[in-house]
Amino acid sequence: MSDKLKEQILRSSGSNVLKCMRCGKCSATCPSYDEMEYHPHQFVYMVEKGDIEKLMSSDSLYKCLTCFACVDRCPRGVEPAKVVEAVRLAAVRRQGNNHLVPTDIPGMLDDDLPQQAIVTAFRKYTK
Amino acid sequence: MQVNENTNFEPVIVAFCCNWCSYAGADLSGTNRLNYPTNVKIIRVPCSCRVNPMFILRAFQRGADGVILCGCHPGDCHYTSGNYFTRRRITLLYSMLDFLGIERDRTRLEWVSAAEGAKFAATMQEFTDAVRKLGPNRRLEDLRCRKQ
Amino acid sequence: MENNAVFTYYPGCTLRTKAKDLDAYARSSAEALGITLVEPENWQCCGGAYTTAKDEIATKLSAVRTLMAARDSGRALVTVCSACHNVIKQTNYDIARDEDMARKVNSYMQNETPYTGETAVYHYLELLRDVIGFDKLKAAVVNPLKGKKIAAYYGCLLLRPSKALAMDDPENPTIMEDFIRAIGAEPVIYAQRNECCGGYITMEDKAQASKRSASVMDSAKDMGADMVITACPLCLYNLKKNSGSELPVYYFTEILAEALGLKKEDTDE
Amino acid sequence: MQRIGVFVCHCGTNIAATVDVKAVAEALGHEPGVVISREYQYMCSESGQNLVKDAIREHNLTGVVICSCSPRMHENTFRKAAAAAGLNPYLVEIANIREQCSWIHKDIASATEKAVILGKAAVAKVHLNAPLIAGESPVVKRALVIGGGIAGIQTALDIAEAGFDVDIVEKQPTIGGKMAQIDKTFPTLDCAACILTPKMVEASQNEKIHIYSFSEVTDVKGFVGNFTVTIKRKARYVDETKCTGCGLCTEKCPMKKVPNEFNMGLDNRTAIYIPFAQAVPKVATIDPNYCMMMKTGKCGVCSKVCSVGAIDYKQEDKFIEEKYGAIVVATGFNPINLDKYDEFAYNQCADVVTSLELERLMNAAGPNGGTLLRPSDKTHPHTIVFVQCVGSRCDDEKGKPYCSKICCMYTAKHAMLIREKYPDTEVYVFYIDVRTPGKNFDEFYRRAVEQYNVHYIKGMVGKVTPKSDGKIDVQASDLIANEQLHINADMVVLAAAIEPDKTARPLATMLTTQMDTNDFFTEAHPKLRPVESATAGIFLSGACQGPKDIPETVAQGSAAAAKAIGLLCKNSITCNPCVAHSNELMCNGCSACEKVCPYGAITYQDKEFRMPDRTTAIRRVASVNPAVCQGCGACTVACPSGAMDLNGFSNSQIMAEVDAICK
């Protein structure tokens, strides 16, 4: 199971986690680091190890801002944000696992919130 | 005659080996007493890039059933870049052979270093077996060249 | 110059509702600078965020439709919202390089002429820099914003991923600073200008959004800014609503219009 | 008519046990042209060789085939024997019936059959062998060293010590290179200037060494033993022979705002300048980009104050041509440009510096006289963050894929020196790995940690944010504590990757030497020939071949010198006669051979040819320099007209072997 999941995540992310040299620059540059249980370098490392279930059930998946700081600054071209996205997609694609449901939305709105935020959140959190 | 030939068919195989890596690798398989078929006869050349594709065609014309060309590993060429030329030339030769409808498996390019005696022997064994399976080379042999 | 002066203009959905200023000032300024922006018919939302996953195709289609509309019109595509720009440029970059993606997209959409990334995509800022030129812009300014110390906020969407966006140096950008100089103001350089404002996290984690946007605004204020400008409606929202900072935040098109003497006195803000 | 002798060796039982040697000799005796065919116990023994020699004399042989062990073993033995008997040594061919026959086969019948075929192939080849004479080419007893850093200086000193003349070409106004800029050296912490400047003086005073400073190599022609090199002596607008280096002009020059390269632009120099006090040669140079006289024609102060009249505003670049037997490349390295790494704010904050800049900031002859002060406000820094691997070990287009090798050690050195001199300063080092293989290296690094309390943190810096109060927020990861840190620092020091000097690539083209994709020169063999290039007569010294610290550079400098001396000691060099040659009548002048030659041995000449109708025509034809050609044969295959052929392995010889095997 874990092997299949790993394969799926590697394919979906298009990232080569074996390139990682464990420098930790992704986590050094991550703006959401303190909000995360598992940090960008751990995503890369744990996917490589096949230790993915922990990531799948972690709230860290929804803390990544997809700001691509780690992607641009990674000296090895590993693209950690794409790994996070692939794991998140694998998680929300499981039945009943949508992180955001439409009925929650009204409570989140205020007068100024651009719908761009809602669209983006839906893209990121649901299938 | 044709029917029987496949059963005790012994292919003629010409091996071109570069002096610095593959010829030394062939010597090493001898030093280590590693067996490979007598079908293989080696011609020494300074570098795999000395081998004109014409030599390979000449071998087929004269009745060889397989030709194998061995050189240093990419990046290890004694002349620094000779084996890269070889690689490109053989690629072109393959496309010509394909065009002519000649089995490309009769021609092979292998990288064998001076330390790879075992690889040399195994490669020769394997190549001989492969050519034996293909049967005699009839498409390129020029029967007028067949003497005796 | 004359041939380039007509562009397909994709406003994006937010510019129709919450970010009308960004749109309106972009249009009026373009007109004043001799640029015609033509809006394609029946455009759709870009999707807000680009899905990087290789196995996602459907979520990328609306951006492809926009790109195809521009191609079929024979014009380059201009966007002004950072998010739309990011999605469209990434889609365009990937479809030109990822044959597998191009094949899937084209067969999914049953395109008669397959789309493989032919459209040139500009951000409005690139239009100012590369088509009009900041020198020409400077000459067109009637109301220079003298003495204003303006901090440009790039956020993450305008610059990254830098290979796809290819707009400016992702770590030390100059396009907005040069823009600020062109309209007569003084740019304030601060290191947090290319760090994320928190983006869509504001939906479910206000605390994180506050932390991020406060860090940006504090850095800008610390380096002496009077105001911050941005090209993104969501950045504007976060920086204004969540940062707790008093520093005013404007769309760059608004101060552009002001410098060109096009700004109406009573705007929404 | 050919008269060929065949000699089959038993090699004791090595061959004879699996090959019926008598049958082989018998079979080969019937081959065309074979006049004698013998077998013997040990062909390589003295009596075996005598058998060959006697046969050559007695039967007046025109070719010899020895069926024995590998030619890699005894080809030379038999060639010498043939030569002793008056036969050209290149008329000997070996059929390898031991390593490639008797030792690998068990069945006597088939092994014998194969041995016969191998022998026939050798006979067929020897029919076509031509006598070859190994040429000789004289060696010019003078060496050129390109680059005057510590590598070049060491090489030049060693060559001079052996009694040969040697010229150093240095593009800067002074020799000394990067080492002259360094403050202290690891792991002993002795002062770089104290150990380097005596060597610089030694080089300048050695009568065998001539230094061409402020000069560049612009053209290289020729080959091993006989290079002709054009050297551009850039105009320095000061007559070197007159200038005494008194320095009065530099004091009086009114243009004082020129960024000082020697101090990494951290302070200013004058338009006429001597890079540093111990410069060799100690001669002033005018920078025409800043000199008021050169730019506006108004000033001339230096000319007025110079008591020896050395100033010459009209001086022009001069080109000189010299001949050399050997060339040593010592072009060195530079730190990479950090524009692409501005997440570290190098371009946005004066207090973010590179390690080489820090060397100058800490150097007693540097901009602050050896007191470590921040470049921005000249205050003493209390918290300093070092970032390792900036641009090294990268797999992207911004950085370099290799480890720069020296950074771990110099950073430990910097950290230690700062902690020693300013104990109130906190020093953090962010590292990915600490790499300290070298004598006393790891002990040195441990001392930085244990004795000097330098904070080594496994992790990387991700974002540097300069603040208005002059502090710098350093956001970094601590991978062991699994947390993100914010350090409120005063200075950030970046260990920038090093790369080969930009002049290396055009130079490699001139020298026809190979480089890797990172522009480091490639050695002839990575293990066994580390200081030679693949091109004969070109040697490599120092960091131009790969990242190196000072001890390694000096060791390689001396090694390159030894190789150059070995060449210069010879009056002439024997050339391998198995080289390519072109049949001018067939050559169509297409240049295909020239393009594939890895040694630049092929040139084209316009030659006059007599045509059938008694007219003459000028045709462009290839010509191979036998002293440069190494005999790989790439050109012979590239040649579309069949004009190019290889001695000893000619087209007809190889095809004769093919035919013999296939028959």
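Hydrogens, waters and symmetry mates are skipped; everything else that's a heavy atom, side chains included, is used.
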Decide if atom NZ of C:Lys163 counts as having more than 12 heavy atoms of other residues, nucleotides or ligands within a radius under 6.0 Å.
no
Max heavy-atom pairs within cutoff under 4.5 Å with chain C, candidates A:Gln115, A:Met108, A:Gln8, goes to A:Gln115
When the 4.5 angstrom heavy-atom criterion is applied to A:Lys63 and chain C, the contacting part is both
Bottom line for A:Ala69: the part with an atom under 4.5 Å from chain C's heavy atoms is both
If one checks every heavy atom of C:Thr202 against chain A at 4.5 Å, the contacting part turns out to be side chain
Under a 4.0 Å N-O cut-off, is there an ion pair linking A:Arg11 with C:Asp55? no
Fill in: Under-4.0 Å salt bridge between C:Glu56 and A:Arg123
no
Between A:Lys124 and C:Ala49, the two heavy atoms sitting closest are CE-CB, 3.6 Å
Under 3.5 Å, side chain of A:Asp72 to main-chain N/O of C:Pro161, donor-acceptor pair present? no
| query | With distance as the sole test, does C:Gln208 use its side chain to make a donor-acceptor pair with the main-chain N or O of A:Ser32 at under 3.5 Å? | reply | no
Are there more than 12 heavy atoms of other residues, nucleotides or ligands under 6.0 Å from atom OH of C:Tyr122? no
Checklist line | Full working for side chain to side chain contact (heavy atoms under 4.5 Å, CB included) between C:Ile201 and A:Glu35 | finding: CA-CA 11 Å; C:Ile201 204 84; A:Glu35 281 72 27; over 6 Å; no
C:Met203 and A:Ala121 have their tightest heavy-atom pair at CG-CB, 4.0 Å
The interface call for A:Ile105 against chain C, heavy-atom contacts under 4.5 Å, is side chain
Is the shortest side-chain heavy-atom distance between C:Lys54 and A:Ser13 below 4.5 Å? no
Self-check item: Test side chain to side chain donor-acceptor pair (under 3.5 Å) applied to A:Thr66 and C:Tyr200, step by step
Solution: CA-CA 10 Å; A:Thr66 329; C:Tyr200 53 87; 2.9 Å; yes
Bottom line for A:Asp111: the part with an atom under 4.5 Å from chain C's heavy atoms is backbone
Rounded to the nearest 0.5 Å, the CZ atom of C:Arg212 sits from the SG atom of A:Cys67 at a distance of 8.0 Å
In this structure, CD of C:Glu204 is separated from CG of A:Asp104 (nearest 0.5 Å) by 9.5 Å
When the 4.5 angstrom heavy-atom criterion is applied to A:Phe122 and chain C, the contacting part is neither
Has C:Tyr93 got more than 12 heavy atoms of other residues, nucleotides or ligands less than 6.0 Å from its OH?
yes
So, the part of A:Leu113 with a heavy atom under 4.5 Å from chain C: the answer is both
Applying a strict 4.5 Å limit to non-hydrogen atoms, the region of C:Cys84 in contact with chain A is neither
Turns out that what part of A:Leu65 lies under 4.5 Å from chain C's heavy atoms comes down to both
Problem set entry | Intermediate values then yes/no, salt bridge (Lys or Arg N to Asp or Glu O under 4.0 Å), A:Asp112 and C:Lys18 | CA-CA 7 Å; A:Asp112 297 322; C:Lys18 306 290 180 193; over 6 Å; no
Is there side-chain contact between A:Val119 and C:Cys45, with at least one heavy-atom pair below 4.5 Å?
yes
> Looking only at atom types and distance, does a side-chain atom of A:Gln116 sit under 3.5 Å from a main-chain N or O of C:Thr14, one as donor and one as acceptor?
Replying inline: no
Working for salt bridge (Lys or Arg N to Asp or Glu O under 4.0 Å), residues A:Glu79 and C:Arg160: CA-CA 12 Å; A:Glu79 308 186 310; C:Arg160 292 193 293 259; over 6 Å; no
Check: Tell me, do C:Thr52 and A:Phe68 make a side-chain contact under 4.5 Å, heavy atoms counted?
Finding: yes
